[in-house]
Amino acid sequence: MKIKEKYLLMAAVMGICTAGISLNCVWAADASQQTVESSDSDEYLELGDSEEEQAYRKFLENGENFSDVEDLGTVMCAAYDINNDKTKELIVRGMDSDNAYRYLFYRYEDGEVKSDGSMTNWQNGGEGEMYYIPDKNVFVVYMRLADHKEYKIYQLKDTVEQRISIHRQSLDVQGADGKYHREYAYSVEKPDKNESTKTITEKEWNKFESALVEIPFYDYTVKADTQFSEEQIAALKKSLGVPDEIIVSCEAGEPFYWEAGGRWLVSMGLYDENGIFLAGAEIDPDTLELEREIAPYNVDAIAGQNEPAQQSATTPFYGIWCYGGKSEEDADAYAQSMRSSGYDAQVFVTTDWSNLNPEKFYVVTAGIYQSESEANAALASAQNFCVDAYVKYSGDFQG
């Protein structure tokens with residue numbers, strides 16, 4: 001679906017260095033201010049076509065790192081050769097429940113993606129920026145708190161190692177005339193928090209800052225392995241109260257981040273051999289814990305699904321909205337094309353429902369669902385037809 005069409009649909013329905021190395025090796029880089037976002041270099045594009053980047057793409061698409069990021073929000077990724085070994089590393093960044101940024105490092109070796117460890121940095125007034133110094137095997141993050149600024153300098157060897165940190169503290173110093181003026185105190189600190197014998201001057205600090213080049217991070221869609229095994233499906237059946245003798249299939253959507261719980265969840269549903277929804281919930285795909293929108297097995301509710309047209313005439317429902325427009329004829333044609341592909345598509349008028357657009361649009365839903373979890377469980381299937389389909393409650397009938 002084109003971007004313009006996507007927004008029309010939504011509008012219609014919703015209204016550095018080791019301790020033994022001189023600091024000079026860090027300052028040695030070109031001191032001119034550099035940016036990378038508009039660079040033509042392959043280093044700064046989103047995952048490209050190199051062997052390792054293709055492996056990283058598959059690694060992310062298959063959700064193989066889900067357990068590493070399931071408690072992180074605002075997850076992004078970058079690929080850059082941060083240790084100058086001629087092979088790019090994968091860096092995944094996200095924010096944990098303490099509002100600290102966690103960086104996860106992976107390398108491609110012997111045909112596999114392997115973990116190189118992680119590091120955490122709380123960053124005030126930033127968005128988790130990470131920097132490198134051209135031609136130096138170091139990368140840098142910073143932290144600012146009031147009048148104190150700190151750069152932590154790392155290397156990637158067999159794992160992530162912090163080498164040193166450098167600090168600048170702002171001081172208000174009273175002069176002989178009784179007036180206060182601003183001065184800066186600089187220091188170098190070892191990873192064990194003991195002050196180093198190394199020193200840094202204001203000139204060196206400024207040269208260091210001007211040499212930093214930011215590594216750009218890009219959004220990516222967090223994936224999880226939602227192809228549940230027979231044992232996992234049996235566990236979900238038990239948790240949701242589905243009788244053992246009923247043969248079920250399991251459908252699950254893409255992971256979404258639950259801010260309040262600080263974790264990623266997936267919506268899943270269990271269906272019988274006739275495609276009737278039996279039970280579902282929003283779950284932790286790693287532990288299979290039922291977290292939200294829990295719809296346990298209910299015989300009466302299932303029986304009611306055999307009369308969808310009567311039930312949906314005036315009863316509020318959850319829809320998977322796929323189309324919106326001003327022409328009833330176009331909406332009918334779209335719905336028919338969906339039905340031809342096996343969806344129970346229906347056309348509604350937005351002004352007939354309290355939670356849809358008060359301006360009159362003809363909108364198409366891929367089906368009618370009595371719970372949000374049921375609709376979310378079927379969303380992935382609908383998105384095979386309409387990639388921008390989404391779930392929304394109809395509100396009360398007012399037609």
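The figures here come from the full heavy-atom set of this structure, side chains too, leaving out hydrogens, waters and symmetry mates.
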Original post:
With a 6.0 Å cut-off on ring centres, are F385 and Y334 close enough?
Top reply: yes

Original post:
Counting distance only, does the side-chain N/O of T350 pair as donor-acceptor with the main-chain N or O of N357 below 3.5 Å?
Top reply: yes

Subject >> Chi angles and distances behind the ring pair (Phe, Tyr, Trp, His ring centres under 6.0 Å) call for F139, Y132 >> reply: CA-CA 4 Å; F139 56 96; Y132 75 97; over 10 Å; no

Original post:
At what distance, to the nearest 0.5 angstrom, does CG of D85 lie from NZ of K157?
Top reply: 13.5 Å

Subject >> For E291, all residues meeting salt bridge (charged side-chain N to carboxylate O under 4.0 Å, His left out), sequence neighbours excluded >> reply: R263

Original post:
Mind checking whether Y151 and F208 have ring centres under 6.0 Å apart?
Top reply: yes

Original post:
Quick one: CD on Q398 to OG on S354, what's the gap to the nearest 0.5 Å?
Top reply: 5.5 Å

Original post:
Are D68 and R102 close enough for a salt bridge, meaning some N to O gap below 4.0 Å?
Top reply: no

**OP:** Would you confirm whether the ring centroid of F348 sits within less than 6.0 angstrom of the ring centroid of F317?
**Re:** yes

Original post:
Distance from F105 atom CZ to T159 atom OG1, nearest 0.5 Å?
Top reply: 9.0 Å

Original post:
Do V391 and Y343 belong together in a cluster built from hydrophobic side chains that touch within less than 4.5 Å?
Top reply: no

Subject >> For V75, the option from N65, D219, V92, L104 that meets side-chain contact (heavy atoms from CB on, under 4.5 Å) >> reply: V92

Original post:
Could you give all pairs that pass the salt bridge (Lys or Arg N to Asp or Glu O under 4.0 Å) test and reach residues 227-251, with sequence neighbours left out?
Top reply: none

**OP:** For the residue pair T287 and E289, confirm or rule out a side-chain donor-acceptor distance under 3.5 Å.
**Re:** yes

Original post:
Which atom names give the shortest non-hydrogen contact between M95 and Y257, and what distance separates them?
Top reply: O-OH, 4.4 Å

Original post:
Can L288 and D284 be said to form a side chain to side chain contact (heavy atoms under 4.5 Å, CB included), step by step?
Top reply: CA-CA 5 Å; L288 303 184; D284 182 319; over 6 Å; no

Original post:
Should K152 and Y142 be marked as a side chain to side chain contact (heavy atoms under 4.5 Å, CB included) after you check the CA-CA gap, both sets of side-chain angles, and the distance that decides it?
Top reply: CA-CA 6 Å; K152 294 178 181 178; Y142 84 92; over 6 Å; no

Original post:
Can any side-chain N or O of T314 pair as donor or acceptor with the backbone N or O of F397 at less than 3.5 Å?
Top reply: no

Original post:
Taking all non-hydrogen atoms of both residues, which atom of Q123 and which atom of Y103 are closest, and how far apart?
Top reply: NE2-OH, 4.1 Å

**OP:** Specify the closest pair of heavy atoms between Y297 and G241, including all atoms of both residues, with the distance to one decimal.
**Re:** CB-O, 3.4 Å

Original post:
Is the side chain of S373 donor-acceptor paired with the backbone N or O of E293 at a distance under 3.5 Å, no angle test?
Top reply: yes

**OP:** Measure from the side-chain N and O atoms of E70 to the backbone N and O of F66, and report whether any donor-acceptor pair falls under 3.5 Å.
**Re:** no

Subject >> Same cluster (ILVMFWY, side-chain, under 4.5 Å), V213 and Y154 >> reply: yes

Original post:
How many angstroms lie between CD in Q174 and NE2 in H181, if you round to the nearest 0.5 Å?
Top reply: 10.0 Å

Original post:
What pair of heavy atoms forms the shortest contact from D286 to S67, and how long is it?
Top reply: OD2-CB, 3.3 Å

**OP:** Of all the heavy-atom pairs spanning D172 and Y180, show the shortest one and how long it is.
**Re:** O-CD2, 3.8 Å

Original post:
Under the salt bridge (charged side-chain N to carboxylate O under 4.0 Å, His left out) criterion, do R107 and E112 qualify, and how do the steps go?
Top reply: CA-CA 8 Å; R107 72 182 186 279; E112 296 181 10; over 6 Å; no

**OP:** Spell out, as yes or no, whether a donor-acceptor pair under 3.5 Å connects the side chain of E204 to the backbone of T201.
**Re:** yes

**OP:** May I have the step-by-step check of side chain to side chain contact (heavy atoms under 4.5 Å, CB included) for K392 and L356, ending in yes or no?
**Re:** CA-CA 9 Å; K392 184 175 175 64; L356 303 186; 4.2 Å; yes

Original post:
According to a 4.5 Å side-chain heavy-atom criterion applied to Ile, Leu, Val, Met, Phe, Trp and Tyr, with indirect links allowed, do W258 and V222 form part of one hydrophobic cluster?
Top reply: no

Subject >> Test log, rule side chain to side chain contact (heavy atoms under 4.5 Å, CB included), inputs L171 and Y184 >> reply: CA-CA 6 Å; L171 304 172; Y184 296 105; over 6 Å; no

**OP:** Using modelled atom types only, decide if a donor and an acceptor are shared between the side chain of N274 and the backbone of I276 within a distance under 3.5 Å.
**Re:** no

Subject >> Salt-bridge contact D81-K88 (side-chain N to carboxylate O under 4.0 Å) >> reply: no

Original post:
Given E209 and K207, is the salt bridge (charged side-chain N to carboxylate O under 4.0 Å, His left out) satisfied, shown in steps?
Top reply: CA-CA 6 Å; E209 283 197 319; K207 188 174 183 179; over 6 Å; no

**OP:** Tell me whether the centres of the aromatic rings in W321 and Y390 are closer together than 6.0 Å.
**Re:** no

Original post:
Does one hydrophobic cluster hold both L265 and M268, with members joined at side-chain heavy-atom distances below 4.5 Å?
Top reply: no

Original post:
How far apart are the C-alpha atoms of S50 and E53, what are their side-chain angles, what is the distance that settles it, and do they pass the side-chain hydrogen bond (donor to acceptor under 3.5 Å, both in side chains) test?
Top reply: CA-CA 5 Å; S50 66; E53 288 173 287; 2.6 Å; yes

Original post:
Just by modelled atom types, is the E127 backbone N or O under 3.5 Å from a matching donor or acceptor in the E129 side chain?
Top reply: yes

Subject >> Distance (rounded to the nearest 0.5 Å) between N121 CG and M143 CE >> reply: 7.5 Å

Subject >> E359/K326 ion pair, N-O < 4.0 Å >> reply: yes

**OP:** Of all the heavy-atom pairs spanning I320 and A382, show the shortest one and how long it is.
**Re:** CG2-CB, 3.6 Å

Original post:
Mind checking whether V266 and L270 sit in one hydrophobic cluster, side chains of I, L, V, M, F, W, Y counted as touching below 4.5 Å?
Top reply: yes

Subject >> Pairwise distance CG(N137) to CD1(I82) - rounded to 0.5 angstrom >> reply: 8.0 Å

Original post:
Honestly, is R93 close enough over F217, meaning NZ or CZ under 6.0 Å from the six-membered ring centre and within 45° of the axis?
Top reply: yes

Subject >> Donor-acceptor side-chain pairing of Y106 and E89 below 3.5 angstrom >> reply: no

Subject >> D344 with R339: basic N within carboxylate O range, under 4.0 Å >> reply: no

